[in-house]
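Note sheet for the following structure.
Letters go in sequence order (proteins before strands), and every chain restarts at 1.
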Amino acid sequence: MKKYIKDFEIKENISLTAQYSVLKLSPIDGQMPKTLPGQFVQVYVGNSRNTYLRRPISINYIDYDKNELWLLIRDAGEGTNSMIKSPNGSILNLIVPLGNGFSINNGHSLLIGGGVGVAPLLYLGKVLKERGNEVSFLLGARSKCDLLLLDMFSQYGNLFLSTEDGSMGEKGLVTQNSVMQTDFDFIQCCGPKPMMMAVANIAKERNIECEVSLENMMACGIGACLCCVEDTASSGNVCVCKEGPVFNINELKW
Amino acid sequence: MVNLNVKIGNIELKNPVMTASGTFGYGEEYADFIDLSQLGGFIVKGTTLHHREGNPYPRMVETPSGMLNAVGLQNHGVDYFINTIYPRIKDIDSQIIVNVSGSNVSDYVEVCEKLAPLEKINAVEINISCPNVKQGGMAFGTTCSGAESVVKAIRKCYNKTMIVKLSPNVTDIAEIAKAVEASGADSVSLTNTFLGMAINTETRKPYLSTITGGLSGACIRPIAVRMVWQVANAVSIPVIGLGGIMNGRDAIEFMLAGATAIQVGTANFIDPAITIKIIEYIQDYMVRHGIEDIKEIIGGMQL
């Protein structure tokens, strides 16, 4: 897929909580690049002393009718903080779209997200639903206030929730949620690595096809610097930014 | 129209702007963003005799105005380059230069012998300065005798243009440059990355799997400019300057210090189209200063 370096205007910066914002972006030239669920962008954050490199961020949602690309941002440092503080009308420069994407399977997919890792599952759920598939979301977080965009998710599938403190949904980790015992055809997962590894183990035990989205530290995002490698079963070290970020768990040495 | 043409050994560059090895893949990774034929040249990633997996993850960490990397020369080997990559890139109208690395002298020689017949590869850049491999690499570039042994052996079998990429991790880089020149190199490029290190103070663990790595980015630029100036004053072969060039102004600075051409590295990660902007800046700079030939800028610092 052709990649672009493109300026986007922040149409709306919606603060969800003190830590999270959704940025709704529109391309200045009006031309929204074609993207796939699971792909990501590299955001220019000023190239300053402490924010030297771009920041890789998942595409949260695309609304082609409104010509909007959404980014779900967690305040995790100076780079993401500058994005969260960007006012409506300001410009963000993106390299878009990057990486591969999730498979668009026919059947019942369980989309499992943890923390800010829920981001790409919204766009994935939308596309799966539009293709006539049954979609279930299992979203986990520390606490109620970290469960984000639930009204959006509920438009595209059944919602199952887990919080570590029990403030919403079932108490515990996503892997302990009762929906994990039910039947579905595919698991697609994005979140902290320990969570994805635990999900991958369950998928292997139950012999369910499973994809995970990795977020290895990267510099370029386009397969040039070879920094973000993951050791794979068939190809050795491959770039997460180019061959991923989405991998079938059978490809990983987990 | 200003003249941007420069010569390195036997190769002509349409302008002095090249890309640094390891930051530009095989050029193809940037084809969506720029017209590769506008570049003076591009140096493809470090190529070794055999396939190398490189170092374990994690391989990079952002540092103030720069980054540390520890890739460790991951590549599929010279035969893969010749059979798979070369046919795809050979028709790009720019100078394609292959960066060559090895664990011992005979590896370097064998890779250069395999590359020599390729019609569109008219120069190699010999990497005696990689800080991220255990054997070879920087070991050859930190002593005059080590550098001489590699360059003399390659010179015997390789008649095209040989650029030697120098390590900054030495006491006197000009001495190494003189030894390389005397051994038959056509040009030197400097600097490779600076050996560096960073520790996560919360976990007490090093950020890189290899503990130490190579520092690049704007933070190294003043040191690299100083080294280019010292080397340009010590040798008569053309010097290629690199190290933290982020924009056109930085490129001019290296040329005023004595660089005949420059390479852009880490800046490609932040703006994949930066090389074209640098070429445009150089043209504008020349017009603004009434300079017709780029060679007037080379070593043009005024005291």
Flag side-chain contact, heavy atom, 4.5 Å: [X] against [Y]:
{"X": "Y57(B)", "Y": "D231(A)", "value": "no"}
{"X": "F33(B)", "Y": "K3(A)", "value": "yes"}
{"X": "P272(B)", "Y": "I5(A)", "value": "yes"}
{"X": "M67(B)", "Y": "C227(A)", "value": "yes"}

For [X], is it the side chain, the backbone, both, or neither that has a heavy atom closer than 4.5 Å to a heavy atom of chain A?
{"X": "Y30(B)", "result": "side chain"}
{"X": "A31(B)", "result": "neither"}
{"X": "P58(B)", "result": "neither"}
{"X": "T266(B)", "result": "side chain"}

Task: Any donor-acceptor pair under 3.5 Å from R59(B) side chain to L226(A) backbone - done: yes
Would the distance check show the side chain of E53(B) and the main-chain N or O of N237(A) forming a donor-acceptor pair, the cut-off being under 3.5 Å?
yes
Item checked: salt bridge (charged side-chain N to carboxylate O under 4.0 Å, His left out) between R49(A) and E62(B), intermediate numbers included -> CA-CA 10 Å; R49(A) 178 183 181 278; E62(B) 189 180 48; over 6 Å; no
Per-residue tally against chain A (heavy atom, under 4.5 Å) across P56(B), G66(B), G25(B) peaks at G66(B)
Ranking G54(B), A218(B), C219(B) by heavy-atom pairs under 4.5 Å to chain A gives rank one to A218(B)
In terms of heavy-atom contacts, K2(A) and D32(B) come closest through NZ-O, 3.2 Å
Pairwise distance [atom1]([X]) to [atom2]([Y]) - rounded to 0.5 angstrom:
{"X": "E29(B)", "Y": "K242(A)", "atom1": "CD", "atom2": "NZ", "result": "5.0 Å"}
{"X": "Y44(A)", "Y": "I270(B)", "atom1": "OH", "atom2": "CD1", "result": "8.0 Å"}
{"X": "D271(B)", "Y": "I95(A)", "atom1": "CG", "atom2": "CD1", "result": "7.5 Å"}

